[in-house]
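The block underneath contains the structure these notes are about, expressed in structure tokens.
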Amino acid sequence: TPTAASSIGVYFGSDNPSEFIFQPGEASEVEISVSRLKGIESAAEVPLVVTADEGVTFPATAKFEAGEQTTSITVAFANLEESKKYNFKVTVPEDYADHYQIKDGSTSYSGYIMVAAWNTITDELKMKWTTLGVENTFTSSLQQRGTFNRFRIKNRVGSGIDYIFTIGNE
């Protein structure tokens with residue numbers, strides 16, 4: 001499809017995450033960045049083509065102020081069932097897209113939103129290792145995110161950092 005002469009080359013930046021996972025009650029909206037390649041000197045309102053599961057609400061348009069190359073849209077969500085993925089896909093209409101100019105993103109963006117609590121599997125996860133002949137041990141919590149293949153070790157080895165991982169292929 002040739003690019004429309006009036007196209008401002010709107011796209012979703014590659015820095016937008018494809019998954020948003022929150023603790024229950026932690027959030028009710030997310031921001032997604034939208035950019036344009038041309039027409040930056042003028043304000044623009046770009047319609048969005050959206051497919052989203054019930055409970056996820058997108059705005060009908062992305063609005064750019066004059067001089068603004070990148071803007072954000074706010075995606076709201078409410079009453080989501082815990083540990084269930086709510087999928088979405090948002091696309092820029094062809095009249096506003098430029099599929100041929102190099103950009104760090106795409107004219108179509110998809111992902112999911114999920115609410116899931118960390119559930120403690122054990123508070124007695126024991127880790128042992130030996131360094132220069134000295135045996136060390138550390139006890140921590142092992143938790144699972146909802147019912148998904150996503151786990152974390154709280155405060156791994158006293159570092160203050162949670163270690164998040166999956167088991168096998170995901």
[atom2] on [Y] to [atom1] on [X], rounded to 0.5 Å:
X: Thr70; Y: Ile40; atom1: OG1; atom2: CD1; result: 8.0 Å
X: Gln144; Y: Asn119; atom1: CD; atom2: CG; result: 7.0 Å
X: Ile73; Y: Ile32; atom1: CD1; atom2: CD1; result: 5.0 Å
X: Ile153; Y: Asp162; atom1: CD1; atom2: CG; result: 9.5 Å
X: Glu65; Y: Thr71; atom1: CD; atom2: OG1; result: 7.5 Å
X: Phe12; Y: Ser106; atom1: CZ; atom2: OG; result: 8.5 Å

Practice problem: Can you establish whether the number of heavy atoms outside Asn79 located under 6.0 Å from its atom CG is more than 12? | Solution: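 No.
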Which pair of non-hydrogen atoms, one from [X] and one from [Y], has the smallest distance, and what is that distance?
X: Ala116; Y: Arg145; answer: O-NE, 2.7 Å
X: Ser7; Y: Ala97; answer: OG-O, 2.8 Å
X: Thr166; Y: Arg150; answer: CG2-CA, 4.4 Å
X: Met114; Y: Phe148; answer: SD-CE1, 2.9 Å
X: Trp129; Y: Thr137; answer: CZ3-C, 4.2 Å
X: Gly9; Y: Tyr11; answer: O-CD2, 3.4 Å

Practice problem: May I ask you to list the residues sharing a hydrophobic cluster with Ile164, side-chain cutoff 4.5 Å, ordered by chain and number? | Solution: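 Taking Ile, Leu, Val, Met, Phe, Trp and Tyr as members, Ile164 shares its hydrophobic cluster with Trp118.
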Quick check on the hydrophobic clustering: are [X] and [Y] connected, directly or via other members, by side-chain heavy-atom contacts under 4.5 Å?
X: Ile8; Y: Leu48; value: yes
X: Leu125; Y: Phe138; value: yes
X: Val56; Y: Val30; value: yes
X: Val90; Y: Val34; value: yes
X: Leu37; Y: Val92; value: no

Quiz item: Do Ser6 and Asp95 have side-chain heavy atoms sitting under 4.5 Å apart?
Solution: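 A side-chain contact under 4.5 Å is absent here.
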Quiz item: Just checking, is any N or O donor in the side chain of Ser33 or Asn16 under 3.5 Å from an acceptor N or O on the other one?
Solution: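 The answer is yes; a qualifying pair exists.
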Quiz item: Is it the case that Ser140 and Asn155 place a side-chain donor and acceptor less than 3.5 Å from each other?
Solution: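 Result is no, nothing qualifies.
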Verify, without hydrogens or angle tests, whether [X] (side chain) and [Y] (backbone) share a donor-acceptor contact under 3.5 angstrom.
X: Asp53; Y: Asn87; answer: yes
X: Asn136; Y: Thr130; answer: no
X: Tyr109; Y: Phe88; answer: no
X: Thr51; Y: Lys89; answer: no
X: Arg36; Y: Glu68; answer: yes
X: Asn149; Y: Ile167; answer: yes
X: Ser42; Y: Gly39; answer: no

Self-check item: Residues which pass side-chain hydrogen bond (donor to acceptor under 3.5 Å, both in side chains) with Thr74, listed by chain and number, not counting sequence neighbours
Solution: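 Per chain and number, Thr74 pairs via side-chain hydrogen bond (donor to acceptor under 3.5 Å, both in side chains) with Glu31.
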Self-check item: Audit row: Lys126, Glu124, salt bridge (charged side-chain N to carboxylate O under 4.0 Å, His left out) steps and yes/no
Solution: CA-CA 6 Å; Lys126 295 196 185 307; Glu124 296 296 321; 3.5 Å; yes
Quiz prompt | Test of ring centre spacing under 6.0 Å for Phe22 and Phe77 | solution =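 Close enough - the centres of the two rings lie under 6.0 Å apart.
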Practice problem: Salt-bridge test for Lys103 and Asp98: reply yes if a basic N is under 4.0 Å from a carboxylate O, no otherwise. | Solution: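 Answer for the salt bridge query: no.
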